[in-house]
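All chains are named by letter (A, B, ...) in the order of the sequence lines, taking the proteins before the strands, and each is independently numbered beginning at 1.
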Number of protein chains: 2
Amino acid sequence: MTGKKVLVVDDDAKTVELVKLYLNRDGYRVITAGDGNEALRLARENSPDLIVLDLMLPGISGLEICRILRDESDVPIIILTALTTDDDRLKGLDLGADDYVTKPFSPRELAARVRAVLRRLPGERGPEKIQHGGLIVDFLKHEAFLEGKPLNLTPIEFKLLGALVKEPGRVFSRAQIIDKALGHDFNGFDRTIDVHILKLRRKLEPDPHHPRYLKTVYGAGYKLLENTGET
Amino acid sequence: MTGKKVLVVDDDAKTVELVKLYLNRDGYRVITAGDGNEALRLARENSPDLIVLDLMLPGISGLEICRILRDESDVPIIILTALTTDDDRLKGLDLGADDYVTKPFSPRELAARVRAVLRRLPGERGPEKIQHGGLIVDFLKHEAFLEGKPLNLTPIEFKLLGALVKEPGRVFSRAQIIDKALGHDFNGFDRTIDVHILKLRRKLEPDPHHPRYLKTVYGAGYKLLENTGET
DNA sequence: TCTTTGTTTTAACAATATCTTAACATTTAT
DNA sequence: ATAAATGTTAAGATATTGTTAAAACAAAGA
C-alpha cells in the first residue's frame, strides 16, 4: 500500500473515527491520538506525512503542539478548530499550519484538504542533475547515464544511486541508505539493500565482480568512488 | 542582498504581516500596500519583481488593479482571493494573473507559489505556440497538430499535453501534472491522470501500446520524449 | 427546463514490473 | 579455521500502470 500516513489528533472519539473512516477510504493509513502527549509521541515515533490537529485538547494545547512539531520537522499540519475569529486562524497559520478547517466540518471537505496539502507540499530543492565522472544522474528527467549510455534503473535503484552520487566517496551504512534513499516509512530488512546494490552493479559495472564505481566497505557499508578513474 | 522585490497588497494588516514574515524568511525584500491607490503608486515607483494582490480592496478593486498593472508591465501577479466561484477565479487569470491562492490560505503555500512563479520568471509568460518534433501545440488557437494532422483534444487533454510539451524530457509525477495542468483546486484522484494519458495516447500515438511520445516512467510519472525521432 | 451530447471521474480488474525475503554460496578479517 | 559479513539466486509478495465501462458531471440545444 502506497498510502501516506496521517496522524489525527482530537479528544472526541467520534470525530476521530469519522475522519479516520474518510481518510481510510482515500487510501491513507491513519493513526490517532486523543490528547497532546500521545500526539507528540506518535508523531515522533511514526513520522507521519501529515497531521490533522484539533486545537482544543486536554493537556497541552493544540497551538503549543503545533509549535513544537514545527520545530522538529516540516510535517504539514491541518488545524481543526471551532474557533472562528481571524485572530485564532492567523495564530495557527503563523505557527506554520498549512491549512485549517473550522468545526463543524464536513469530513469530505477535510479529506479534500488533506489530498490538496499532500499534493502541493512535496516541493522543490536539491540539484536537478549531477555529473560525476562518466556518470550522470538527471533527477528532473529521471534518467541516469554511464559513459553516455542510458542505465535502465528501477525506482529504488535510481534513488539509491542518486543518494550515493550526492556525496561521492562517503560511506553509507545500509541504515543510512534506507534513510536517504527509501524514506522513513520503509520497513524492510537491511540486507535488502545488498540485493539492490547487486542489481545496480550489474547495470553500471563493466565487471560486476570487480566493482569500479560501487565499492563495498567491509563492515561499514557502500560508497561511490570519488576518483572515477582507474584502479 | 540579491533578494527579489515583492509587493504585497492587502487591506488586512495581519495578513500582510504574515505574508511578509514568510517571504522575508525566503530572502525576498517585501514592500506592502493596504489599498489600491497605494498599490499602484508603489508598483510604479518600485517596479517589483512580483505582486501578491488581494482582490477585495477598499477603493479600486483588485481586478481593476490587475488589469491596469497588466497594461503597464509584465510583472507577475499572484492573486489572493476569498472568492471561490469559478467565475471570479477565471476572471483573475483572464486578466493575466500568474497564479492565485484562495483565502484562507497557508502562508507556506503562498511562499511556495511565489518561488515557483519567480523561478520560471526569466522564461516570461510562456510561448503561445510550441513545436516539438512533429507535434505542434498552439495555445492561442487552442489547437494541437501531429504531423500536420489536427488532434481532437478535450480541454483536459489539451492542458495535459500543453504542460508536458513545455518541458520535454522532464518527468512529471501525477501530482505535478495535476498542479500544472488542472490547477491546485482539483480535488480528484491521482489515477484519473492515467485515464487522460490513455486517451491522449490513443489520439497521438501511432501504436498506443508502444508509445513513441508519451512515455511512462515507472514509479515516477510520465514524460514527453525529447528526441522525437525514430525508434 | 429538459434532453442530448460529450467530457471527466471513479471503481474494478488485468497486465507488468519491481521488491523483498530466505536460503545458500562466497569472501573477509582475525 | 571459523565466525561474521557480503554476494547471489530465484520465487512469492507487492506495487504500479493499463484498460474498460459505468456513473457523475457539464455544456449546448430544443
*Asks:* Can you pull out how bent the helix from dT1(C)-dA30(D) to dT30(C)-dA1(D) is, comparing the axes over its first five and last five pairs, to 10°?
*Replies:* 40°
*Asks:* So does T216(B) get a side-chain nitrogen or oxygen closer than 4.0 Å to the phosphate oxygens (OP1/OP2) of dG18(D)?
*Replies:* yes
*Asks:* Report the residues that fulfil salt bridge (charged side-chain N to carboxylate O under 4.0 Å, His left out) with K203(A), sequence neighbours left out, ordered by chain and then residue number.
*Replies:* E157(A)
*Asks:* Quick one: list whatever passes salt bridge (charged side-chain N to carboxylate O under 4.0 Å, His left out) with R201(A), sequence neighbours left out.
*Replies:* none
*Asks:* Provide, to the nearest angstrom, the distance between the CD1 atom belonging to I177(B) and the P atom belonging to dT8(C).
*Replies:*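 Going from I177(B) (CD1) to dT8(C) (P), I get 15 Å.
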*Asks:* Please report, rounded to the nearest Å, how far the P atom of dT16(D) is from the OH atom of Y222(B).
*Replies:* 12 Å
*Asks:* Output the rounded distance in Å from CG (N152(B)) to C1' (dT5(C)).
*Replies:* 14 Å
*Asks:* Hey, is K180(A) close enough to E167(A) for a salt bridge, meaning N to O under 4.0 Å?
*Replies:* yes
*Asks:* Just wondering, are more than 12 heavy atoms of other shown residues or ligands nearer than 6.0 Å to CG in N187(A)?
*Replies:*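 No, not enclosed.
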*Asks:* Could you run down the sub-3.5 Å N/O contacts of the protein with nucleotides 21-27 of chain C?
*Replies:*
residue : atom : partner : partner atom : Å
dT21(C) : OP2  : F189(A) : N            : 2.8
dT21(C) : OP2  : T192(A) : OG1          : 3.1

*Asks:* Using the rule given for side chain to side chain contact (heavy atoms under 4.5 Å, CB included), can you reason through I77(B) versus L50(B), listing the C-alpha separation, both sets of side-chain angles and the distance that settles it, and then say yes or no?
*Replies:* CA-CA 6 Å; I77(B) 298 176; L50(B) 182 144; over 6 Å; no
*Asks:* Any side chain to side chain donor-acceptor pair (under 3.5 Å) involving residues 12-22 of chain A? Give me the pairs, sequence neighbours left out, ordered by first then second residue.
*Replies:*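 Of all non-adjacent pairs touching residues 12-22 of chain A, those that pass side chain to side chain donor-acceptor pair (under 3.5 Å) are D12(A)-T15(A).
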*Asks:* On a heavy-atom basis, which atom in A43(A) and which in P48(A) lie closest, and how many Å separate them?
*Replies:* O-CD, 3.5 Å
*Asks:* Would you say H209(B) reaches dA15(C)'s phosphate, i.e. side-chain N/O to OP1/OP2 under 4.0 Å?
*Replies:*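 For dA15(C), OP1/OP2 do not have a side-chain N/O of H209(B) under 4.0 Å.
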*Asks:* For K199(B) and dG18(D), what is the distance between atoms NZ and P respectively, to the nearest whole Å?
*Replies:*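 K199(B) atom NZ is separated from dG18(D) atom P by 14 Å.
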*Asks:* Sequence neighbours excluded, which residues qualify as side chain to side chain donor-acceptor pair (under 3.5 Å) partners of N152(B)?
*Replies:*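 Residues passing side chain to side chain donor-acceptor pair (under 3.5 Å) with N152(B): none at all.
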*Asks:* In residues 200-207 of chain B, which residues come under 4.0 Å of DNA chain C by heavy atom?
*Replies:*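 None, since no heavy atom is under 4.0 Å.
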*Asks:* Can you list the residues that meet the side-chain contact (heavy atoms from CB on, under 4.5 Å) rule with F189(A), with sequence neighbours excluded?
*Replies:*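 Testing F189(A) for side-chain contact (heavy atoms from CB on, under 4.5 Å), a comparison that skips the adjacent residues, returns R191(A), T192(A).
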*Asks:* Just the rounded figure in Å: distance from P of dA11(C) to CG of D194(B).
*Replies:*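 Value for this atom pair: 14 Å.
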*Asks:* Partners of A39(A) by side-chain contact (heavy atoms from CB on, under 4.5 Å), sequence neighbours excluded?
*Replies:*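 side-chain contact (heavy atoms from CB on, under 4.5 Å) list for A39(A), sorted by chain: V9(A), A33(A), I65(A).
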*Asks:* Rounded off to whole Å, could you give me the CG-to-P distance for the L153(B) and dT7(C) pair?
*Replies:* 10 Å
*Asks:* Can you measure K223(A) atom NZ to dT6(D) atom P for me and round it to whole angstrom units?
*Replies:* 14 Å
*Asks:* Within 45 degrees of the ring normal and closer than 6.0 Å to the centroid, is that where the cationic atom of K159(A) sits relative to F139(A)?
*Replies:*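 Negative - K159(A) is either too far from the ring of F139(A) or too far off its axis.
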*Asks:* Could you state the CD1-C1' distance from I156(A) to dT20(C), rounded to the nearest angstrom?
*Replies:*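 Whole-Å distance recorded here is 9 Å.
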*Asks:* Tell me whether the side-chain N/O atoms of T154(A) come closer than 4.0 Å to OP1 or OP2 in dC19(C).
*Replies:* yes
*Asks:* Pick base, sugar-phosphate or nothing for L198(B), based on heavy-atom distances below 4.0 Å to the nucleic acid.
*Replies:*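 Here L198(B) touches the bases of the nucleic acid.
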*Asks:* According to side-chain contact (heavy atoms from CB on, under 4.5 Å), who are the partners of H142(A), at least two apart in sequence or on a separate chain?
*Replies:* F158(A), V171(B), V217(B), A220(B)
*Asks:* With a 4.0 Å cut-off on N to O distance, would you call K215(B) and E226(B) a salt bridge?
*Replies:* no
*Asks:* With a 4.0 Å limit, can you tell me whether H196(A) has a side-chain N or O closer than that to the phosphate oxygens OP1/OP2 of dT18(C)?
*Replies:* no
*Asks:* Pull out every protein N or O sitting under 3.5 Å from an N or O of nucleotides 23-27 of chain D, one pair per line with the distance.
*Replies:*
none

*Asks:* Please list, chain by chain and in numerical order, all residues satisfying side-chain contact (heavy atoms from CB on, under 4.5 Å) with P150(B), sequence neighbours excluded.
*Replies:*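 Residues passing side-chain contact (heavy atoms from CB on, under 4.5 Å) with P150(B): F145(B).
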